[in-house]
Amino acid sequence: MPRGGPDASCLDRLLQTDRQEYLDRDSDGDAAHEARKRSVIRALDWTGEVFGHHEKFAKIALDEVAEVPDPQILELGAGHGALSAKLLDWHPTARLTVTDVEPASVAAIAAGDLGSHPRATVRVMDATALDAADGQFDLAVFALSFHHLPPPAAARVFAEGTRAAKKLLIIDLPRPPAPLHILRIATMLPLSLWVPFVHDGVISSLRAYSPSALRALAAHADPAIELELRGGLVSPQVVVASRTR
């Protein structure tokens with residue numbers, strides 16, 4: 001399925017790629033490649049701090065469990081773990097399970113403050129095959145990572161996230177209309193050859209899902225999954241998924 005959804009225009013279908021970001025590639029012991037991956041993660045953490053993404057995303061997440069006294073929250077694709085740290089800081093009784101599919105990222109998170117936090121568990125976990133019981137969590141959060149997944153894996157995240165958690169919250173890049181998308185890519189391309197963060201940003205933009213694609217993926221995963229979509233265009237896309245039965 002096209003990243004722009006089943007009814008994407010011909011131009012929109014051209015504005016996508018299967019090329020992997022540095023974050024997606026296995027370094028296989030290549031020190032230079034691992035350094036590029038870590039630089040992208042550091043840049044994501046820095047931009048999240050500078051532009052207030054960690055705070056914005058934490059508020060969105062906590063609003064979804066505002067009525068839950070002691071929420072159990074699962075973060076998927078945590079990367080640097082800053083969102084989980086903010087959630088623990090802002091909610092005095094929340095318990096966080098902080099996960100990523102990359103062992104190196106999990107090791108880095110575990111070596112920091114989250115690794116010794118009494119209300120945090122840090123572990124390797126694949127968002128497409130969650131090692132968790134049905135309904136174990138009040139909320140599963142997947143922030144700025146959903147676009148990394150090809151459509152079959154993305155559909156499995158909808159199925160698994162709404163199975164293991166009462167709500168699945170996805171916060172991800174918006175997919176703009178094709179003319180605006182071309183302009184965005186054109187402004188980023190010159191730097192993408194030299195700056196790993198910009199390189200990954202170009203690919204991320206081309207792999208972002210549109211609202212119609214998200215609806216199609218959820219319906220494919222399970223027709224009982226309901227979606228609430230907010231934001232988009234110039235702000236992050238917010239999706240809240242839950243099962244009707």
Side-chain angles (χ1 to χ4, degrees), residues 41 44-45 48-49 52-103 105-146 154 156-172 214 218 221-222 224-231 235-245:
I41 292 173
L44 287 168
D45 189 14
E49 198 67 44
H53 294 160
H54 302 329
E55 289 82 0
K56 292 175 186 175
F57 298 168
K59 184 180 185 306
I60 293 169
L62 291 178
D63 283 348
E64 294 300 327
V65 291
E67 305 302 319
V68 182
D70 306 305
Q72 296 275 349
I73 301 174
L74 168 67
E75 185 181 4
L76 304 168
H80 42 65
L83 175 56
S84 283
K86 189 65 66 177
L87 290 169
L88 287 165
D89 184 44
W90 283 8
H91 198 298
T93 62
R95 302 193 70 86
L96 270 291
T97 300
V98 190
T99 72
D100 198 281
V101 72
E102 283 285 338
S105 292
V106 173
I109 294 170
D113 292 342
L114 284 175
S116 58
H117 197 289
R119 290 185 284 117
T121 301
V122 182
R123 57 179 299 197
V124 174
M125 192 181 292
D126 185 344
T128 68
L130 297 179
D131 182 15
D134 293 358
Q136 181 175 338
F137 298 96
D138 297 294
L139 182 70
V141 185
F142 203 11
L144 299 184
S145 295
F146 191 78
R156 288 197 295 274
V157 168
F158 273 115
E160 282 290 275
T162 56
R163 175 193 64 79
K166 297 178 179 69
K167 292 180 182 179
L168 168 65
L169 171 64
I170 297 170
I171 305 171
D172 208 5
L214 293 165
D222 190 330
I225 296 175
E226 287 190 345
L227 295 189
E228 176 193 344
L229 285 82
R230 311 193 291 269
S235 62
Q237 209 167 191
V238 177
V239 184
V240 181
S242 57
R243 291 179 183 262
T244 57
R245 55 175 171 80

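When all heavy atoms of Arg243 and Ala159 are compared, the closest pair comes out as NH2-O, 2.9 Å. Of all non-hydrogen atoms in Val98 and Ala78, the two that sit nearest each other are CG1-CB, 3.6 Å. Nearest heavy atoms, Leu83 versus Ala143: CD2-CB, 4.0 Å. When all heavy atoms of Asp172 and Ser145 are compared, the pair lying nearest together is OD1-N, 3.9 Å. When all heavy atoms are compared, the tightest approach of Arg119 to Leu88 is NH2-O, 3.2 Å. Here the closest non-hydrogen pair linking Leu114 and Val122 is O-CG2, 4.0 Å.
At least one side-chain heavy atom of Ile41 sits under 4.5 Å from a side-chain heavy atom of Ser105. At least one side-chain heavy atom of Leu130 sits under 4.5 Å from a side-chain heavy atom of Leu76.
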Report task. Evaluate the criterion side-chain contact (heavy atoms from CB on, under 4.5 Å) for residue pair Gln237 and Ile170; output intermediate values, then yes/no. Result -> CA-CA 8 Å; Gln237 209 167 191; Ile170 297 170; over 6 Å; no
Report task. Kindly determine whether Lys59 and Trp90 satisfy side-chain contact (heavy atoms from CB on, under 4.5 Å), including the steps that lead there. Result -> CA-CA 9 Å; Lys59 184 180 185 306; Trp90 283 8; 4.2 Å; yes
Report task. List the steps and the verdict of side-chain contact (heavy atoms from CB on, under 4.5 Å) for Glu49 and Glu55. Result -> CA-CA 8 Å; Glu49 198 67 44; Glu55 289 82 0; 3.8 Å; yes
Query raised in the report: Does the pair Phe158 and Phe146 meet the rule for a ring pair (Phe, Tyr, Trp, His ring centres under 6.0 Å), with working shown?
Result: CA-CA 10 Å; Phe158 273 115; Phe146 191 78; 5.5 Å; yes
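No donor-acceptor distance shorter than 3.5 angstrom exists from the side chain of Thr162 to the backbone of Ser242, with no hydrogens or angles considered. Looking at Thr244, its side chain does come within 3.5 Å of a backbone N or O of Ala224 through a donor-acceptor pair. Asp138 places a side-chain N or O within 3.5 Å of a backbone atom of Gln72 that can act as its donor or acceptor partner. Judged by distance alone, the side chain of Arg95 and the main-chain N or O of Thr121 form no donor-acceptor pair under 3.5 Å. Of the possible donor and acceptor atoms, none in the side chain of Arg230 sits under 3.5 Å from a partner among the backbone N and O of Pro236.
Interatomic distance, Glu64 CD to Lys167 NZ, rounded to the nearest 0.5 Å: 4.0 Å. Note that CD1 of Ile60 is 4.5 Å distant from CD1 of Ile171, once rounded to the nearest 0.5 Å. Atom-to-atom distance recorded for Leu169:CG and Glu228:CD is 10.0 Å, nearest 0.5 angstrom. The distance from atom CD of Glu75 to atom CG of Leu139, rounded to the nearest 0.5 Å, is 10.5 Å. Atom NE2 of residue His80 and atom CG of residue Asp45 lie 4.5 Å apart, to the nearest 0.5 angstrom.
Between Arg123 and Asp131 a salt bridge is recorded (basic side-chain N to carboxylate O distance below 4.0 Å). With respect to Glu67 and Lys166, no salt bridge is recorded, no charged nitrogen being found less than 4.0 Å from a carboxylate O.
A side chain to side chain contact (heavy atoms under 4.5 Å, CB included) with Phe137 is found for exactly one of Leu168, Val65, Leu74, Ile73, namely Leu74.
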